[in-house]
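Everything quoted here is computed from the prediction, not taken from an experiment.
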Amino acid sequence: MQSIHQVSEEEEEEEERVQQQEAHPYAFHVSGPRNLANLNWRDLISSSWKDANYKRTVIACFIQAVYLLELDRQENHLQENALAPKWWIPFKYKLTKTLIDERDGSIFGAILEWDRSAAMADFVLIRPSGAPRAVLALRGTILKSATMRRDIQDDLRFLAWESLKGSVRFKVALEVLKSVSESYGSNNVCIAGHSLGAGFALQVGKALAKEGIYVETHLFNPPSVSLAMSLRNIGEKAEFVWNRIKSMIPSSSEEEENHVNNDGEKKTLGVGLKSWIPRLSSFKNGGFEVGKWVPHLYVNNSDYICCSYTDPDRKEEKFGADKENTGPINGQQVAAKLFVVKKEKQKFHEAHGLEQWWSSDAELQLAIHNSKLMCRQLRSLYTTSATPSQPTQGKSQ
């Protein structure tokens, strides 16, 4: 009788654990996308991944999975009650690698790869057109004691310098993405991030683009607020004033601008300033082809962290799910695709949230592609010389 009673208690505990998991606010069936069709044999003919709304939904779910991988770790969830796997299994992907921050042991990213076995079980014999072979997803800030210190440290790093290259996460993400691109071909790889993770994704993607490796990039609520941005604006204004003054100096005075540095070499004043001059219209850098790397940005004007990417003085075009403008617009090459959610004024936590990007009522508009802030973010691609490595594109499955 005692053993029967013990078994009964274990069954009750298991049932209670299942009920708690089902009621968890981050469970896939509770807060995940609604009316989402599963991949099936029909995708052999017409791929769901060709639908921009479907692609955005899936990639946003992959990022949510990374948040939940860390939450599962913090709450010591076992495999049977883990929340994260439910956010990639329906899309026929599997977890192959987690990215760990060595400073606190937290999970900040993950590699999700196409799960051929799971797809074959549903008679999806090949990977659908448009579906990446592998996705590197990066989470944003989690305000919990186990991760808050290091997450905020990187947030402040971006606010102060608008650069995340000094973070260990940048180095890890860059190495992992480069390795996956070499294995599968950059055309079959995607990087995505939300909030702070979008900041890392942007800078990692840009670093690879400088090497001639162009990876599909999706940035949800990317950070744009920066003290460095204001300082840089001041520097550019000083540059403009200097050039105006210099243009008024007679050419005979050019010799007076020359000076000798500590090494005895002759230098010309203003050379450093000249290197700052924006040259987005000329695109003379031979190591980067404009239009080869076009990141996708998803922003909400009610989110003060990313709203600076939108330009209120420019018109927006209605975005159709089945057609993206991938070529030149008004004679200009696309620097980025900026998608703006169209909703009434929202509270910050809603406007910055990831859930809005798989919401069934999300209405997006494709904004003018070359926003001032995005051009500034990508300026180094056009103005600095780089020796591109051999592109790793077009490899088979």
side-chain hydrogen bond (donor to acceptor under 3.5 Å, both in side chains) between S195 and N221, worked out: CA-CA 5 Å; S195 190; N221 302 87; over 6 Å; no

Expected output: side-chain D154 to main-chain R157 donor-acceptor under 3.5 Å: no

Partners meeting side chain to side chain donor-acceptor pair (under 3.5 Å) with Q64 (sequence neighbours left out): none

With F170 via ring pair (Phe, Tyr, Trp, His ring centres under 6.0 Å) - residues at least two apart: none

Exercise: identify the closest heavy-atom pair between L112 and L95: CD2-CA, 3.7 Å

Same cluster (ILVMFWY, side-chain, under 4.5 Å), L136 and V168: no

Separation between CZ of F108 and CZ of R139, rounded to the nearest 0.5 Å: 8.5 Å

Closest non-hydrogen atom pair between I126 and W114, with its separation: O-CZ2, 4.2 Å

Chi angles and distances behind the side-chain contact (heavy atoms from CB on, under 4.5 Å) call for L83, E75: CA-CA 11 Å; L83 296 167; E75 298 184 357; 5.5 Å; no

Heavy-atom pair of closest approach, residues E355 and S31: OE2-O, 3.7 Å

Ion pair check, K178 and E175, cut-off under 4.0 Å: no

Check: K206 main-chain N/O paired with W293 side-chain donor or acceptor under 3.5 Å: no

Atom pair CZ/OG of R34 and S359 - distance to nearest 0.5 Å: 9.5 Å

Rounded distance (nearest 0.5 Å) linking atom NZ of K97 with atom OG of S179: 8.0 Å

Common cluster, V66/L177, ILVMFWY with side-chain heavy-atom separation under 4.5 Å: no

With F220, the side chain to side chain contact (heavy atoms under 4.5 Å, CB included) member among H352, Q356, R56: R56

Derivation of the side-chain contact (heavy atoms from CB on, under 4.5 Å) call for L297 and F339: CA-CA 6 Å; L297 281 73; F339 301 101; over 6 Å; no

Qualifying residue, where the test is ring-ring contact (aromatic ring centres under 6.0 Å, His included) with W358 and the options are Y54, F91, W87: W87

Heavy-atom pair with the smallest gap, counting every atom of A201 and T217: O-CG2, 4.2 Å

All side chain to side chain donor-acceptor pair (under 3.5 Å) counterparts of E350, not counting sequence neighbours: none

Donor-acceptor contact present, side-chain N188 to main-chain Y184, <3.5 Å: yes

Salt-bridge present (D151, R103; N to O < 4.0 Å): no

SB check E216 K55 (cutoff 4.0 Å): yes

4.5 Å side-chain heavy-atom contact, V294 and Y214: no

Electrostatic pair R149:D104 at N-O distance under 4.0 angstrom: no

A60 to L354 - nearest heavy-atom pair and separation: O-CD2, 3.5 Å

Whether S47 side chain and S129 backbone form a donor-acceptor pair below 3.5 Å: yes

CZ-NZ distance between F158 and K165, expressed to the nearest 0.5 angstrom: 12.5 Å

Gap between atom CG of L338 and atom SG of C306 - 0.5 Å precision: 9.0 Å

Residue pair V135, I111: steps toward the side-chain contact (heavy atoms from CB on, under 4.5 Å) verdict: CA-CA 6 Å; V135 178; I111 290 288; over 6 Å; no

Side-chain heavy atoms of T147 within contact of E70, under 4.5 Å: yes

Heavy-atom side-chain contact between P132 and W49 under 4.5 Å: yes

Candidates L99, D72, L69, L68 - the one meeting side chain to side chain contact (heavy atoms under 4.5 Å, CB included) with I107: L69

Contact check, side chains of I152 and L143, non-hydrogen atoms, under 4.5 Å: yes

Candidate pair I63 and L138, rule side-chain contact (heavy atoms from CB on, under 4.5 Å), full reasoning: CA-CA 6 Å; I63 299 172; L138 304 170; over 6 Å; no

With sequence neighbours excluded, residues passing side chain to side chain donor-acceptor pair (under 3.5 Å) with T98: none

Side-chain heavy atoms of C61 within contact of P33, under 4.5 Å: yes

Charged N-O contact under 4.0 Å between D101 and R150: no

Student check: side-chain heavy atoms of H218 and C190 closer than 4.5 Å: yes

Any residue meeting side-chain contact (heavy atoms from CB on, under 4.5 Å) with A351, in chain and number order, not counting sequence neighbours: N300, S302, D303, Q346

Flag side-chain contact, heavy atom, 4.5 Å: L202 against P222: no

Any donor-acceptor N/O pair, Q203 side chain to L164 backbone, under 3.5 Å: yes

Contact summary for C307 and S224, nearest pair of heavy atoms: N-OG, 4.3 Å

Set of ring pair (Phe, Tyr, Trp, His ring centres under 6.0 Å) partners for W88, sequence neighbours left out: none

S106 and R169, any side-chain heavy atoms less than 4.5 Å apart: yes

Residues, nucleotides or ligands: over 12 heavy atoms within 6.0 Å of R73 CZ: yes

Interatomic distance, D122 atom CG to K92 atom NZ [nearest 0.5 angstrom]: 4.0 Å

